[in-house]
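Hydrogens, waters and symmetry mates are skipped; everything else that's a heavy atom, side chains included, is used. Every chain is numbered from 1, with letters handed out A, B, ... down the list of sequences.
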Amino acid sequence: MPVTLSPQRNPVFTPHTPVAEATPPPQPSATLRSQLWSDFCSPIGPMQGGGPCSQGHVRTWSSAAESPYLPEVPDGCEDGRRALRRNKRPGRLPCCSFWSRIRITSEGILNCSDGAQGKRRKPMAPVVYIQDIDRYVGQEVTLRGWLYSRTDKGKLQFLQVRDGTGFIQCVVFQKEVPESVFAAATRLTQESSLIVTGIVRQDPRAPGVPGGYELGVTDLQVIQIADEYPIQPKEHGVDFLLDHRHLWIRSRRQWAILRVRATVIRAIRDWLDSHGFINLDTPILTPAACEGTTTLFQTDYFGEPAYLSQSGQLYNEANIYAFGRVYCFGPTFRAEKSKTRRHLTEFWMVEPEIAFCDLEQLMEIEEQLVTYIVQTCLRERARELALLERDTRPLEKVEPPFPRISYDEALELLAQIREETEDENLKELLKIEWGSDFGSPHETELTKRFEKPVFVYGYPTKAKAFYMEPWPGRPEVCKSVDLLAPEGYGEITGGSERISDPDLLIQRLKEWNLPREAFEWYIDLRRYGSVPHSGFGLGVERTVAWICGIDHLREAIPFPRTLKRVYP
RNA sequence: UCCUCGGUAGCUCAACAGGUAGAGCGGCCGGCUGUUAACCGGUUGGUUGCAGGUUCGAGUCCUGCCCGAGGAGCCA
C-alpha cells in the first residue's frame with residue numbers, strides 16, 4: 001500500500017513561497033481549475049521565492065492559465081529546452097513532472113541567458129498522509145487537505161486539518177512563519193482546501209486521529225477559501241444533516257463510521273475469497289419477485305415491467321451448481337413503506353450460497369464470517385471505534401460458537417420475559433402467537449439475554465419464504481436461521497437450507513400462489529444434479545450499525561435512501 | 001395506513017396567561033502564545049411551514065393543508 005506520494009509526481013509546493021501572491025482570490029468555478037493548476041504548477045512561485053528570472057520568462061508559460069500540460073519554454077532557457085527534448089512525448093507530460101526536472105537543474109534554469117542568479121531551493125518536503133504521520137516525527141512534511149476548524153489565539157493559530165486519512169492539528173506561530181503565511185492562515189474558513197508544510201512533532205495535547213502529533217507549520221498554501229460552511233462542529237437536527245449529507249460525510253463521526261463500513265466490506269470479501277467462495281454478480285434488473293411477497297420498485301424495461309432486485313439468492317443457487325461456493329454482493333431494493341431506524345429502501349447485502357451444506361454447517365460458516373468481520377474491525381479500526389466512543393468489550397466477546405436456540409425456545413424465552421417485566425407496555429408489545437415471525441420488540445428483548453450474536457432457527461414454515469427445506473418430521477417448521485446481533489441490534493443475517501426436491505418445490509410454489517412459469521429455470525436446478533444446499537444474506541448496514549454502536553442505519557451508508565428521502 | 005412529537009435567524013433553541021420576536025453558535029470587526037464545540041468585547045442577522053379564521057392585537061387560540069422525525073404495521 002502506498003503511504004506517501006512521490007515528490008516526483010507531486011512537486012506542487014515550494015517552501016517559503018510568498019503566500020499572499022500565490023493564493024488565489026475566491027474564483028468563479030469556471031476558472032477554478034486553471035487557477036488551481038496555476039498555483040500548483042506554475043513556476044512563478046518558486047522563481048520568485050528563489051530569485052526570479054529578470055526577463056520574467058516563467059510568466060509566459062501557458063500552463064498557468066490554459067492547460068495543465070506542458071508549458072512553453074522561452075528562448076534562452078537552454079536547460080528548459082533540454083528538459084523538453086528529453087521528454088519523448090512532451091504533450092502528455094504534466095507540467096508538475098516537468099517542473100520536477102527543472103528543479104533538478106534549477107541552477108541552470110535560474111541562471112537564464114541574461115545571467116540572473118537564483119538560489120538553490122530547499123529540498124521539498126515529502127507529501128504524506130496523516131494516517132502515517134507517526135513515521136515522520138522531527139521531519140518536515142507536506143499535507144494536502146481541508147481545514148476542519150480553526151482556533152485563533154492572536155499570535156498563535158491552531159488549524160485542525162483533515163486529509164481523508166485522519167485529522168491533525170497544525171500550529172502556526174506568528175514569529176515562526178513569514179508574515180504572508182500567518183495572514184493566509186487567518187483568512188482560512190472552515191473547509192477551505194490547503195497545502196500545509198511543517199515539522200512533525202509529538203505532543204500529547206494535540207487532538208486528532210491518530211492524535212498526539214501536530215505539525216509546526218513552516219508554510220501554507222491556500223487552494224480555495226471555502227464559502228461559509230453550513231455544518232458547524234456542534235449539534236444539528238437530523239433533517240438538516242441529511243439535506244447536507246454530501247457535506248456531513250466529512251465530519252468526524254460520519255468519517256469514522258464509513259471507514260468502518262469499508263473495512264466490514266473488505267473483511268467480508270477477504271474471508272469469503274479465502275474460504276473457497278467465488279464472487280459472482282447477480283442481476284439487479286429482474287423479471288419478477290424473488291419471494292413474491294415484498295413490494296418491489298418497478299422500472300420500465302423497454303415497455304415491459306422489470307423490478308429492482310431484492311435478492312440475488314435464486315441466481316446464486318444456479319451459480320453453486322457451476323462453482324460450488326459462491327457469493328453475490330450488491331445493492332438490494334425494497335419498496336416497503338417501512339419508516340424505522342432499521343430500514344432503508346436501498347441497502348447492501350452479501351449473500352453466500354453453498355452446495356453440499358446443511359443448516360448446521362451454514363451456521364458454522366456464518367459465525368466464522370461474522371467473527372472475522374468483528375475482529376478485523378477491532379484490529380484495524382480501533383481509532384475510528386474510539387472516536388465513536390464505542391464500548392468494544394461486547395465486540396471482543398464475539399467468537400464461535402454462537403448460542404443456538406430454536407424458534408420454540410425463543411417463544412418460551414419471550415413468555416418468560418413477559419412474566420418478569422413490570423412494564424405493561426412491553427408486555428403488550430411482546431405478545432406473540434406460535435406461527436408469527438418476530439417483530440422488532442421481540443428481537444430486541446431476545447438479544448438482550450445474550451452476550452454474543454444468537455442464532456434462532458426452525459421458524460414456522462408459513463412465516464418464511466417458499467423455498468425453505470422443511471424440518472424432518474415437522475413440516476410446519478422449516479430449516480431456516482436468523483442471526484440476531486446483541487445489544488438490541490436484531491437481525492443481521494437470514495438464511496436457510498433450500499428445498500432440493502423438485503416435486504416439493506413445485507408444490508410450494510402452488511401453495512404460495514407463485515407463477516410456476518417464472519420459476520421454471522429455478523425448478524430446473526432441482527432436476528439436474530440436485531444437492532442439499534444452503535445460503536444466507538448478511539445486511540451490511542445493520543452489521544456496520546452494530547459494530548459502530550450507532551442507532552440508525554442511515555448513518556451506515558454514504559447516501560441513505562429512505563421512505564422520505566432520495567436527496568442528495 | 002395508524003399513533004406520538006415537531007416546523008421561529010444560516011444552525012440549535014427560547015418567547016409565561018394573546019401584548020415591541022430573543023439567546024447561544026456561525027459570519028464580520030477588534031483582542032489574546034496551547035486551543036480542544038476556546039475565551040473576551042463589538043456587530044450582523046426574521047415572510048415564526050402554507051392558507052384561512054377569531055381578536056383592538058396571533059409565534060401563541062381555531063380550521064384545513066404541507067413537510068419532517070420516532071414508533072407500530074409492513075419487511076428473508
Side-chain angles (χ1 to χ4, degrees), chain A residues 148-160 167-176 182 186-187 189-191 201 203-208 211-212 214 216 226-244 247-248 251-252 289-296 310-314 332-345 347 349 351 425 428-429 431 436-444 456 459 463-468 478 480-483 490-496 498 535-539 542 551-552 554 562-565:
Chain A
Y148 189 73
S149 69
R150 184 171 68 91
T151 302
D152 189 338
K153 287 275 297 168
K155 296 187 174 66
L156 164 66
Q157 293 181 67
F158 296 99
L159 312 179
Q160 310 298 335
F167 295 73
I168 194 168
Q169 171 163 283
C170 303
V171 190
V172 191
F173 285 102
Q174 191 168 32
K175 275 186 183 172
E176 296 177 2
F182 195 80
T186 306
R187 288 172 54 223
T189 55
Q190 188 183 356
E191 288 303 317
R201 54 182 179 238
D203 192 319
R205 293 172 297 185
E214 64 181 21
D227 285 351
E228 188 181 330
Y229 194 65
I231 301 178
Q232 301 166 28
K234 64 165 207 173
E235 282 190 27
H236 291 279
V238 170
D239 193 37
F240 173 82
L241 288 170
L242 286 172
D243 277 339
H244 295 83
L247 306 177
W248 189 20
S251 59
R252 287 174 207 247
C290 285
E291 312 282 333
T293 51
T294 43
T295 319
L296 304 182
Q310 61 146 354
S311 168
Q313 181 210 311
L314 303 192
T332 296
F333 305 90
R334 305 226 171 136
E336 273 111 24
K337 300 205 169 177
S338 301
K339 202 182 160 189
T340 82
R341 67 181 74 184
R342 289 184 188 77
H343 292 87
L344 299 169
T345 52
F347 62 97
M349 185 159 71
E351 294 175 275
N425 195 27
E428 185 64 28
L429 279 172
K431 271 187 181 169
S436 303
D437 205 349
F438 300 129
S440 303
H442 308 109
E443 288 185 359
T444 303
V456 180
Y459 285 84
K464 291 288 181 182
F466 71 93
Y467 49 70
M468 295 187 180
C478 63
S480 57
V481 61
D482 286 356
L483 181 63
E491 182 180 345
I492 54 171
T493 82
S496 65
R498 325 301 192 187
F536 65 98
L538 179 145
R542 287 184 178 183
D551 68 353
H552 205 302
R554 66 189 163 210
T562 62
L563 183 58
K564 293 290 181 180
R565 186 173 291 279

* Structure fact -> When rounded to whole Å, the NZ to C1' distance for the pair A/K564 and B/G70 reads 14 Å
* Distance-only polar pair, side chains of A/S496 and A/R498, donor-acceptor under 3.5 Å -> yes
* Asked: For A/L241 and B/G68, what is the distance between atoms CG and C1' respectively, to the nearest whole Å?
  -> 13 Å
* **Atom-pair distance (NZ on A/K464; P on B/C75), nearest Å** => 11 Å
* To do: Kindly assign one of parallel, tilted or perpendicular to the pair A/F438 and A/H442, based on the angle between their ring planes and the thresholds 30° and 60°.
  => tilted
* Asked: Among all residues two or more places apart in sequence or in another chain, which pass the side chain to side chain donor-acceptor pair (under 3.5 Å) test with A/E351?
  -> A/S311
* To do: To the nearest Å, give me how far apart CZ (A/R342) and P (B/A76) are.
  => 16 Å
* **Test: A/D203 and A/R201 ion pair at under 4.0 Å** => no
* Asked: Just checking A/G208: base, sugar-phosphate only, or nothing, at a heavy-atom cut-off of under 4.0 Å?
  -> nothing
* In the structure shown, which nucleotide is the Watson-Crick or G-U wobble counterpart of B/G34, with both distances under 3.5 Å? -> none
* Do A/K564 and A/D239 meet the salt-bridge criterion of a basic N to acidic O distance under 4.0 Å? -> no
* Asked: Just checking, is any N or O donor in the side chain of A/Y148 or A/E191 under 3.5 Å from an acceptor N or O on the other one?
  -> no
* Asked: Tell me: NZ of A/K337 to C1' of B/G73, nearest whole Å?
  -> 13 Å
* Asked: Between atom CD in A/Q310 and atom P in B/C74, what is the gap in whole Å?
  -> 16 Å
* Asked: Across all strands shown, which nucleotide pairs with B/G73 by Watson-Crick or G-U wobble geometry, both distances under 3.5 Å?
  -> none
* Asked: Given the P atoms of B/C74 and B/U12, what is the spacing between them in whole Å?
  -> 34 Å
* Looking at every strand, decide which applies to A/R554 at a 4.0 Å heavy-atom threshold: base, sugar-phosphate, or nothing. => sugar-phosphate
* In whole angstrom, what separates A/D243's CG from B/U12's C1'? -> 16 Å
* Is there a Watson-Crick or G-U wobble partner for B/A21 with both distances under 3.5 Å, and if so, which one is it? -> none
* For atom P, what is the distance between B/G27 and B/A37, given to the nearest Å? -> 15 Å
* Asked: Is there a donor-acceptor contact under 3.5 Å from the side chain of A/T340 to the main chain of A/R342?
  -> yes
* To do: Decide yes or no, distance alone: a donor-acceptor N/O pair under 3.5 angstrom between the base of B/C74 and the side-chain of A/S338.
  => yes
* Structure fact -> Picking from B/G70, B/A76, B/U12, the nucleotide nearest the side-chain atoms of A/Y467 would be B/A76
* Identify the nucleotide, in any strand shown, that forms a Watson-Crick or G-U wobble pair with B/C61, with both distances under 3.5 Å; if there is none, say none. => B/G53
* Asked: When we call it a touch if two heavy atoms are under 4.0 Å apart, what does A/H236 touch: a base, just sugar-phosphate, or nothing?
  -> sugar-phosphate
* Structure fact -> B/U8 -> Watson-Crick or G-U wobble partner, both distances under 3.5 Å, gives none
* **Whichever of A/S149 and A/S440 has its nearest RNA chain B nucleotide further upstream toward 5'** => A/S149
* Polar side-chain atom of A/R150 near backbone of A/T186 as donor-acceptor pair, under 3.5 Å -> yes
* At under 4.0 Å between heavy atoms, which parts of nucleotides 25-34 of chain B does protein reach? Answer with one letter per nucleotide, 5' to 3': B base, S sugar-phosphate only, - none. => BSS----BBB
* In whole angstrom, give me the gap between the C1' atoms of B/C25 and B/U44. => 14 Å
* To do: Rounded off to whole Å, could you give me the CD-to-P distance for the A/E351 and B/A76 pair?
  => 13 Å
* RNA chain B: 5'-proximal contact among A/F438 and A/D551 (nearest heavy atom) -> A/D551
* Asked: Would you say the side-chain atoms of A/Y229 pair up with the backbone N or O of A/L247, donor to acceptor, closer than 3.5 Å?
  -> yes
* To do: Just call it for A/H552: base, sugar-phosphate, or nothing, with non-hydrogen atoms closer than 4.0 Å on any strand.
  => sugar-phosphate
